[in-house]
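Whatever order the structure lists ligands and atoms in, that order sets their numbers, starting from 1. Predicted model only: the values in this text are computed from it and were never measured.
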Amino acid sequence: MQRFQQYIDGAFDDGSARFDSIDPATGTVWAEMPEAREGDVDRAVKAAERALYDGPWATMTATQRGKLLFRLADLVAQRALVLAELETRDTGKIIRETSAQIAYVAEYYRYYAGLADKIEGSTLPIDKPDMDVWLRREPVGVVAAIVPWNSQLFLSAVKLGPALAAGCTLVVKASEDGPAPLLEFARLVHEAGFPAGVVNVITGFGPSCGAALTRHPGVAHIAFTGGPGTAAAVVRNSAENLASTSLELGGKSPFIVFADADLESAANAQVAGIFAATGQSCVAGSRLIVERSVKDRFLAILKSRAEAVKIGSPLDMATEVGPLCTDRQRKLIESVVTASAEAGAKLVAGGSRPKDEGYYYAPTILDCDGVSSPSVETELFGPVLSVLSFETEAEAVQLANATRFGLAAGVFTQNLARAHRMIRKIRSGIVWVNTYRAVSPIAPFGGFGQSGHGREGGLAAALDYTRTKTVWVRTSDDPIPDPFVMR
Ligand code: NAD
């Protein structure tokens with residue numbers, strides 16, 4: 001059995017307690033993880049505080065910080081396959097996806113490495129003749145970065161990259177479900193040569209480790225990715241330390257197909273949008289909203305694709321759909337699919353367990369037209385597509401926006417003017433037109449409404465990890481005249 005360690009203040013240790021990690025493909029224990037409790041969290045935050053104010057990191061130039069990030073990027077690229085295998089083993093996400101995604105994670109570190117010495121302050125054209133006034137951009141402080149179990153290396157890179165570029169120090173909390181890749185990544189941070197305490201990587205359970213971290217008085221900013229319910233608890237905790245928060249939460253993203261779309265191409269994008277990562281993606285296009293005149297044709301294509309998907313071991317490069325990460329998630333999916341069928345939704349494909357062992361669930365399509373189906377509202381975080389149809393463009397917009405979430409949307413049409421109208425009317429942080437699930441370090445990512453606030457990726461994300469200091473310098477040699485008048 002493999003054993004993993006946590007990383008605090010530049011050293012590896014076993015944590016206050018240990019817990020077992022399950023291989024979702026078999027449902028059996030495969031590794032032992034370090035569990036961080038309140039004392040470990042306190043040690044990690046204090047190490048990050050020391051590194052921020054007193055260590056070599058505090059006096060390093062931005063260019064030197066960038067060089068460390070470039071080194072980290074190279075190490076991630078070199079070890080991508082090792083990290084990918086660990087993620088696949090610990091979360092069930094298929095190796096085809098983890099290997100490609102982690103190789104691309106290196107590009108996020110490169111992007112922010114390049115930005116480190118381009119974060120500039122500014123000079124103000126102040127309204128007083130004898131003053132120079134400027135804004136310094138300083139790191140916001142110690143950052144608590146909390147990630148869910150899916151794509152942990154990616155979701156931590158979009159926090160670590162900009163925060164380190166800005167000069168912050170961090171405590172990263174890996175999810176208790178599948179922490180192996182992030183704990184292994186800590187070894188690369190060490191090897192890259194980051195000073196002790198700049199990056200600390202721990203894992204543990206929400207109510208103990210997560211809560212202790214988010215209310216710790218040493219934390220200045222919380223960068224959280226996870227579900228909306230957990231986010232509410234995190235924001236409540238932040239009332240204790242008054243940390244700022246950025247929240248990347250769930251979604252129930254609409255995938256809108258007009259009759260004039262290239263249906264074969266749209267079907268490929270829809271399959272990627274809902275069955276890739278076994279549907280465990282915050283941007284999963286889980287609500288298909290299709291023009292009624294092409295609904296049957298489009299559903300027939302989707303059904304044949306869903307039924308042809310190769311389900312198998314996540315470590316096999318040929319596998320297209322692997323297991324869900326946890327049995328808990330599968331049970332939630334099963335209960336909502338059953339309730340949806342009882343409400344009148346028609347099962348077009350899937351709806352069952354394709355294997356006896358592991359946490360597998362078949363790619364599933366539910367026709368929910370004219371039915372009040374719970375699958376349309378609930379984020380299932382699994383391979384379940386709910387289908388609705390429309391007659392008019394206005395109806396498509398109304399259905400797309402009929403959600404408390406607002407993370408992403410897909411629009412498939414050949415009509416350019418209509419695409420632009422849809423872009424304006426859809427309420428979500430990302431709109432993809434004739435494509436789906438494209439991401440880049442250069443493009444901001446984040447949601448509206450219950451999908452959260454704050455943006456990850458892009459230049460602005462690095463600025464979000466800074467705070468300004470306003471500096472006033474009086475340039476006159478004359479003595480200060482009347483001390484009772486502010487000038
Ligand atoms: P989750 O909310 O259960 O857990 C996320 C993290 O929060 C975990 O590390 C967990 O230990 C921690 N946590 C739990 N309780 C806590 C508490 N009281 N205080 C502090 N931390 C606590 O999410 P999950 O089930 O692991 O992941 C699925 C969710 O993540 C889905 O809603 C999905 O849409 C969302 N997600 C969003 C994005 C995005 O970028 N918008 C990306 C991936 C996943």
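Between T466 and R137, the side chains place a donor N or O and an acceptor N or O closer than 3.5 Å (distance only, hydrogens not considered). For the residue pair D90 and W30, a side-chain donor N or O sits within less than 3.5 Å of a side-chain acceptor on the partner. Side chain to side chain, D13 and Q5 fail the donor-acceptor criterion of an N or O pair below 3.5 Å.
Counting the atoms of ligand 1 from 1 in the order shown, those under 4.0 Å from a heavy atom of C282 are 34 (O), 36 (N), 37 (C), 38 (C), 39 (C), 40 (O), 41 (N), 42 (C), 43 (C), 44 (C). Contact atoms of ligand 1 toward N150: 43 (C), 44 (C) (distance under 4.0 Å to a heavy atom of the residue). Per-residue contacts place F445 under 4.0 angstrom from the following atoms of ligand 1 (heavy atoms of the residue considered): 40 (O). The contact set between ligand 1 and K173, taken as ligand atoms under 4.0 Å from a residue heavy atom, comprises 8 (C), 9 (O), 10 (C), 11 (O). Numbered from 1 in the order shown, with element, the atoms of ligand 1 that lie under 4.0 Å from a heavy atom of L155 read 42 (C), 43 (C). Near V234, meaning under 4.0 Å from any of its heavy atoms, are these atoms of ligand 1: 19 (N), 20 (C). Less than 4.0 angstrom separates some heavy atom of A211 from each of these atoms of ligand 1: 19 (N), 20 (C). The contact set between ligand 1 and L407, taken as ligand atoms under 4.0 Å from a residue heavy atom, comprises 41 (N).
Between E379 and ligand 1, a contact under 3.5 Å exists for at least one N or O pair.
You'll find the side chain of L83 reaches within 4.5 Å of the side chain of L188, heavy atoms only. Within the 4.5 Å cutoff, no side-chain heavy atoms of S451 are placed close to those of S428.
Protein heavy atom closest to atom 35 (C) of ligand 1, with residue, atom name and distance, is G226 O, 3.3 Å. Regarding atom 25 (O) of ligand 1, its nearest protein heavy-atom neighbour is W149 NE1, 3.4 Å. When hydrogens are left out, the protein atom nearest atom 27 (O) of ligand 1 is P148 CB, 3.1 Å; that is the closest non-hydrogen contact. In terms of protein heavy-atom proximity, atom 28 (C) of ligand 1 is closest to F381 CE2, 3.7 Å. Distance from atom 23 (O) of ligand 1 to its nearest protein heavy atom, with residue and atom name: G227 N, 3.6 Å. For atom 12 (C) of ligand 1, the closest non-hydrogen atom on the protein side is I146 CG2, 3.9 Å. What sits closest to atom 7 (O) of ligand 1 on the protein, heavy atoms only, is F224 CE1, 3.4 Å.
Under 4.0 Å from ligand 1, heavy atoms of T225 appear from its side chain as well as its backbone. With a heavy-atom cut-off of 4.0 Å, Q329 does not touch ligand 1 at all. Heavy atoms of E176 found under 4.0 angstrom from ligand 1 belong exclusively to the side chain.
With R437 contributing its side chain and V283 its backbone, the two residues share no donor-acceptor pair below 3.5 Å. A distance-only check finds no donor-acceptor pair linking the side chain of D367 to the backbone of A345 [under 3.5 Å]. Using a distance-only test at 3.5 Å, with no hydrogens or angles considered, no donor-acceptor pair links the side chain of R455 to the main chain of G429.
Across S238 and V235, no two heavy atoms sit closer than the pair OG-O, 2.7 Å.
Among G210, A144, S175, the residue whose heavy atom lies nearest to atom 20 (C) of ligand 1 is G210. Selection from G206, G452, G454, C325 by nearest heavy atom to atom 18 (N) of ligand 1 gives G206. Scanning T230, V147, L249 for the heavy atom closest to atom 9 (O) of ligand 1 points to V147.
In summary, of the residues considered (Q152, E87, Q101), a side-chain hydrogen bond (donor to acceptor under 3.5 Å, both in side chains) with K93 occurs for Q101 alone.
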All N/O donor-acceptor pairs, side-chain side in residues 357-364, below 3.5 Å, sequence neighbours left out:
unit_1: Y360; atom_1: OH; unit_2: G312; atom_2: O; d: 2.8
unit_1: T364; atom_1: OG1; unit_2: G351; atom_2: N; d: 2.8
unit_1: T364; atom_1: OG1; unit_2: A362; atom_2: O; d: 2.6

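With salt bridges taken as basic N to acidic carboxylate O contacts below 4.0 Å, one links E32 and R3.
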| task | Verify ring-ring contact (aromatic ring centres under 6.0 Å, His included) between F154 and Y104, making sure each step is shown before the conclusion. | result | CA-CA 9 Å; F154 171 69; Y104 195 46; 8.1 Å; no
